[in-house]
Amino acid sequence: SWLLAENWVDKDGGNRLPIETDCVVISNGCPAYPTLTLASAAFHQLQIGPGAELTIANTPITIASDLVCEGKLVLSGTTVLSAAGDVTLAAGSLTAGAESVFALVGEDEQSADLGGNAFNRITVTGPSVTFAHGFSTTFFRCEQPRAVELRFSKGDTYAASDLRML
């Protein structure tokens, strides 16, 4: 369970729940992988290792720095995952529910290697994002009151059923 302190080990070897300044690392080999179901959550970084899994259910979550997923990330229900740093998702690593939102909210240039994964909704609010390895999404929104620069890597497939630049 996410809410059991003994399931977590901090950098000093103590047991406590992850906090906003932590780099949360979920490694493979756990007897049970966590499901995050809180009113909200925020972390400095999030890393999901190969063979590991994290399910986020109906929880708004903010990652202040980098998000790296080499395992499995499940966004279920009304989850909104906001990433302010660079994002790297391995191919096939994401399961996005029909109401989930993946938001790129960096205040500076962001790199988003989305690994060809399928999303429900991608929202961009930052000034500059470079996309790599493709994606598909039902909704793609660029919600930026000033000029925004979006770059897409050559040769990859990017698909959106509903594209809006607001």
Using a 3.5 Å distance criterion without hydrogens, assess whether the side chain of [X] forms a donor-acceptor pair with backbone atoms of [Y].
X      : Y      : result
Asn117 : Leu94  : yes
Asp113 : Gly115 : yes
Ser136 : Ala159 : no
Asn120 : Ser100 : yes

Would you say [X] and [Y] are hydrophobically clustered, going by side-chain heavy atoms of ILVMFWY under 4.5 Å?
X      : Y     : answer
Leu75  : Ile61 : yes
Ile63  : Val74 : no
Ile56  : Ile19 : no
Phe139 : Leu81 : no
Trp2   : Val9  : no

Ring pair (Phe, Tyr, Trp, His ring centres under 6.0 Å) pairs touching residues 91-123, sequence neighbours excluded, are Phe102-Phe119
So the ring pair (Phe, Tyr, Trp, His ring centres under 6.0 Å) pairs with at least one residue in residues 52-75 (sequence neighbours excluded) are none
For Phe135, the ring pair (Phe, Tyr, Trp, His ring centres under 6.0 Å) test, sequence neighbours excluded, returns Phe131, Phe140, Tyr158
Next on the checklist: A side-chain contact here means heavy atoms from C-beta on lying under 4.5 Å apart; do Leu104 and Thr125 qualify?
Outcome noted: no
(request) Report yes if the side chains of Thr62 and Ser82 come closer than 4.5 Å at any heavy-atom pair, otherwise no. (result) yes
Applied to residues 148-160, the salt bridge (charged side-chain N to carboxylate O under 4.0 Å, His left out) test, sequence neighbours excluded, yields Glu109-Arg151, Glu149-Arg151
For residues 123-144, the salt bridge (charged side-chain N to carboxylate O under 4.0 Å, His left out) pairs (sequence neighbours left out) are Arg141-Asp162
Search all heavy atoms of [X] against all heavy atoms of [Y] and return the closest pair with its distance.
X      : Y      : answer
Ala57  : Thr37  : CB-CG2, 3.6 Å
Cys142 : Val148 : SG-CG1, 3.4 Å
Ala41  : Leu36  : CB-CD2, 4.0 Å
Ala39  : Pro60  : O-CD, 3.2 Å
Pro127 : Gly106 : CD-O, 3.3 Å
Ala84  : Ala64  : CB-O, 3.4 Å

Which side-chain N or O atoms in residues 43-55 pair as donor and acceptor under 3.5 Å with protein atoms at least two apart or in another chain?
none

In this structure, OG of Ser128 is separated from CD of Gln110 (nearest 0.5 Å) by 9.0 Å
Grouping ILVMFWY residues whenever side-chain heavy atoms fall under 4.5 Å, the cluster of Val25 otherwise contains none
Excluding Val80, membership of its hydrophobic cluster (Ile, Leu, Val, Met, Phe, Trp, Tyr; side-chain heavy atoms within less than 4.5 Å) reads Val101
side-chain hydrogen bond (donor to acceptor under 3.5 Å, both in side chains) pairs touching residues 64-81, sequence neighbours excluded, are Asn58-Thr78, Lys72-Thr95
Contacts satisfying side-chain hydrogen bond (donor to acceptor under 3.5 Å, both in side chains) that involve residues 22-35 (not counting sequence neighbours) are Arg16-Asp22
Note to self: For a side chain to side chain contact (heavy atoms under 4.5 Å, CB included) check, start with the C-alpha distance between Leu89 and Cys69, then their side-chain angles and the critical distance, and finish with the verdict.
What the structure shows: CA-CA 5 Å; Leu89 302 178; Cys69 181; 3.7 Å; yes
Across all chains, not counting sequence neighbours, the salt bridge (charged side-chain N to carboxylate O under 4.0 Å, His left out) partners of Asp108 are none
Sorted by chain and number, sequence neighbours left out, salt bridge (charged side-chain N to carboxylate O under 4.0 Å, His left out) with Arg121 holds for none
